[in-house]
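All chains are named by letter (A, B, ...) in the order of the sequence lines, taking the proteins before the strands, and each is independently numbered beginning at 1. We use all heavy atoms of the structure for the numbers below, so side chains are in, but hydrogens, waters and symmetry mates are not.
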There are 2 protein chains.
Amino acid sequence: MSKTAPRTRIQRQNRETILEAALGVFSAQGFRGATLDQIAAAAGLSKPNVLYYFASKEAIHHALLSGLLDNWLAPLRALDPAGEPLAEILAYVRRKVEISRDFPRESRLFANEILQGAPRMMAAIEGELKALVDEKAAVIRSWSAAGQIAAVDPYHLIFSIWALTQHYADFDVQVRAVLGPGHDPFAEAGSFIEGVFTKLLAPDP
Amino acid sequence: MSKTAPRTRIQRQNRETILEAALGVFSAQGFRGATLDQIAAAAGLSKPNVLYYFASKEAIHHALLSGLLDNWLAPLRALDPAGEPLAEILAYVRRKVEISRDFPRESRLFANEILQGAPRMMAAIEGELKALVDEKAAVIRSWSAAGQIAAVDPYHLIFSIWALTQHYADFDVQVRAVLGPGHDPFAEAGSFIEGVFTKLLAPDP
DNA sequence: TTGATGTTTGACCATCTGGTCAGTCTCAGG
DNA sequence: CCTGAGACTGACCAGATGGTCAAACATCAA
């Protein structure tokens with residue numbers, strides 16, 4: 001479907017430019033809210049030229065989502081069953097906070113997709129994502145069973161990490177509006193969220 | 001702008017039908033993704049008839065958002081400074097879980113709006129919502145200072161309650177896809193989230 | 001230089017979509 | 001049974017939008 005190997009340097013560069021521009025537009029407007037004209041303008045190209053590099057608006061969106069999932073799953077994949085349980089989970093939390101801070105547009109693109117019922121990602125969610133979560137949930141459950149961390153439902157633990165970290169990217173404008181000026185939301189969020197999971201996971205007595 | 005008092009019974013009824021239908025469409029498709037034809041079809045009315053009751057698509061959306069904020073703030077407003085601190089906060093959490101369970105479309109409508117930068121709600125967020133959060137944050141801070149609950153940042157405490165509870169409404173399809181069949185997401189979420197805040201807020205020794 | 005391949009665009013099209021309007025139908029109150 | 005305000009609709013419109021295409025332009029190896 002998508003050209004796997006861009007032939008020329010110009011092709012690689014322009015495809016990259018378009019995806020970068022489209023990421024901004026899609027994440028801010030949603031799929032239907034975004035227009036090819038907006039994307040073309042943001043990329044500094046004409047609309048027909050954008051369509052020279054991608055077959056359709058749909059194709060641009062698809063290319064973005066495809067690239068997204070791997071980066072999205074990488075931090076969880078890095079959770080090491082052989083590591084120290086609490087440290088491993090806190091490291092995962094920290095990575096997710098950093099991702100929310102550094103890639104808020106990607107987070108919002110993902111949020112938009114799920115909000116609308118994940119029409120273009122269901123397969124990946126039920127497949128790859130679920131498989132990885134199942135795997136890591138088993139690891140966490142074994143840690144709980146061994147008394148190395150408190151007994152908590154591993155699935156909802158993972159959901160809560162997603163919820164807390166992504167909230168700061170997805171609801172950024174609300175967070176900033178409520179906090180007012182003079183705050184560093186992500187820095188504060190980082191230490192707050194780490195505190196939450198430190199207390200939550202402290203081994204039961 | 002909006003007719004404050006519908007004159008006839010038919011008017012009241014049809015306006016209600018349209019808002020109900022529009023809530024479903026807007027929350028599932030976003031503002032730009034929704035079309036008047038979809039709303040009219042869902043309401044069982046013709047498009048011109050829908051526009052007989054509301055001046056524009058914008059007006060329908062506006063009517064929904066207006067009604068939303070009050071219901072959204074009510075649970076936090078009910079947090080009683082004179083009550084028992086931990087119980088008050090846990091009661092707030094419980095109410096928010098129930099709202100996510102019972103009004104997921106409203107939650108997604110709100111999420112859509114914030115995700116896009118809250119173009120139609122900024123004023124309310126910076127005004128009403130911020131004021132209420134400021135007020136309740138002060139209450140929570142005083143509880144912390146008095147040692148009745150652990151010392152936590154009250155703003156981020158409130159954000160975390162929002163994040164955790166709304167996640168189950170907004171990301172419903174993801175949660176269900178990952179959990180697989182045979183689960184009651186909201187029931188599980190309720191006890192998990194209560195556990196989180198019980199541990200988090202247990203008074204420091 | 002030249003031809004071939006890759007890149008870019010102005011002009012154009014079909015469809016969708018929010019919205020209008022003239023006129024018809026409905027029905028409650030007199 | 002009238003009548004007029006209220007409720008409703010088919011037909012239509014203008015602008016936006018995704019997408020096409022023939023032709024022009026750039027680049028580079030031979």
Side-chain angles (χ1 to χ4, degrees), chain A residues 1-65 109 112 116 119-120, chain B residues 1-65 109 112 116 119-120:
Chain A
M1 181 133 291
S2 58
K3 289 174 198 163
T4 41
R7 278 135 236 285
T8 78
R9 178 175 31 101
I10 294 183
Q11 249 179 54
R12 199 178 347 258
Q13 196 171 38
N14 277 351
R15 281 179 66 96
E16 197 45 54
T17 304
I18 292 168
L19 288 177
E20 167 68 19
L23 175 58
V25 178
F26 280 132
S27 68
Q29 316 273 145
F31 179 76
R32 287 227 34 206
T35 72
L36 282 175
D37 287 292
Q38 289 175 324
I39 294 171
L45 299 171
S46 68
K47 185 169 64 170
N49 204 12
V50 168
L51 289 167
Y52 173 72
Y53 290 102
F54 289 90
S56 64
K57 178 183 174 182
E58 183 76 45
I60 302 175
H61 194 250
H62 183 270
L64 281 173
L65 286 185
L109 180 69
N112 260 305
Q116 330 255 303
R120 306 153 213 270
Chain B
M1 181 135 291
S2 59
K3 288 173 196 160
T4 41
R7 276 137 239 283
T8 77
R9 178 176 32 97
I10 293 181
Q11 249 179 54
R12 197 177 351 258
Q13 196 171 39
N14 277 351
R15 282 179 65 96
E16 198 44 54
T17 303
I18 291 168
L19 288 177
E20 168 68 19
L23 175 58
V25 177
F26 279 133
S27 68
Q29 317 272 145
F31 179 76
R32 288 231 28 213
T35 72
L36 281 175
D37 287 292
Q38 288 175 322
I39 294 171
L45 300 171
S46 67
K47 184 169 65 170
N49 204 12
V50 168
L51 289 167
Y52 173 72
Y53 290 102
F54 288 91
S56 65
K57 177 183 176 182
E58 183 76 45
I60 302 175
H61 194 251
H62 183 270
L64 282 173
L65 286 185
L109 180 70
N112 260 305
Q116 330 257 305
R120 305 153 213 273

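In this structure, A:Gln13 places its CD atom 18 Å from P of C:dG6, rounding to the nearest Å. The separation between B:His61 atom NE2 and C:dG18 atom P is 13 Å, rounded to whole Å. If you measure from atom CD1 of A:Ile60 to atom P of D:dT17, you get 15 Å, rounded to the nearest angstrom. Computed from coordinates, the B:Arg9 CZ to C:dC27 P distance equals 11 Å when rounded to whole Å. Atom CZ in B:Arg15 sits roughly 14 Å away from atom P in D:dC8 (whole-Å rounding). B:Phe26 has its CZ atom 13 Å from the P atom of C:dT17, to the nearest Å. A:Arg12 places its CZ atom 11 Å from the P atom of C:dT7, with the value rounded to the nearest Å. As rounded to whole Å, 9 Å separates atom C1' of C:dG18 from atom CG of B:Asp37.
Comparing B:Arg32 and A:Gly44, the nucleotide of DNA chain C nearest to each residue sits closer to the 5' end for A:Gly44. Comparing B:Ile10 and B:Lys47 by the nucleotide of DNA chain D whose heavy atom lies nearest to each, the residue mapping closer to the 5' end is B:Ile10.
A donor-acceptor pair under 3.5 Å links the side-chain atoms of B:Arg15 to the main chain of B:Tyr53, judged by distance alone.
Taking 4.0 angstrom as the limit, B:Asn14 places none of its side-chain polar atoms (N or O) nearer than this to OP1 or OP2 of D:dG6. The phosphate of C:dT7 has OP1 or OP2 within less than 4.0 Å of a side-chain N or O from A:Gln11. Contact check, B:Asn49 against D:dT9: a side-chain N or O comes under 4.0 Å of OP1 or OP2.
Considering only side-chain atoms of B:Thr35, the nucleotide from D:dT17, C:dT17, C:dG10 that sits closest is C:dT17. Nearest nucleotide to the side chain of B:Tyr53, out of D:dC21, C:dT17, D:dC8: D:dC8. Ranking D:dG10, D:dC21, D:dA7 by closeness to the B:Tyr52 side chain, first place goes to D:dA7. Distances from the side chain of B:Ser46 to the nucleotides C:dT9, C:dG19, D:dT9 place D:dT9 closest.
Relative orientation of the A:Phe31 and A:Phe26 rings is parallel, given thresholds of 30° and 60° on the angle between their planes.
We find the CG-CZ distance between B:Leu64 and B:Arg120 to be 12.0 Å, quoted to the nearest 0.5 Å. The distance from the CG atom of B:Asn14 to the CD atom of B:Glu20 is 13.5 Å, given to the nearest 0.5 Å. To the nearest 0.5 Å, atoms NZ (A:Lys57) and OG1 (A:Thr35) are separated by 7.0 Å.
If you check every strand for non-hydrogen atoms under 4.0 Å, B:Leu51 touches a base. Nucleic acid contact for B:Ala34: sugar-phosphate only, since backbone atoms but no base atoms lie under 4.0 Å from a heavy atom of the residue.
No N or O donor and acceptor, one from the side chain of A:Lys57 and one from the base of D:dG19, sit under 3.5 Å apart.
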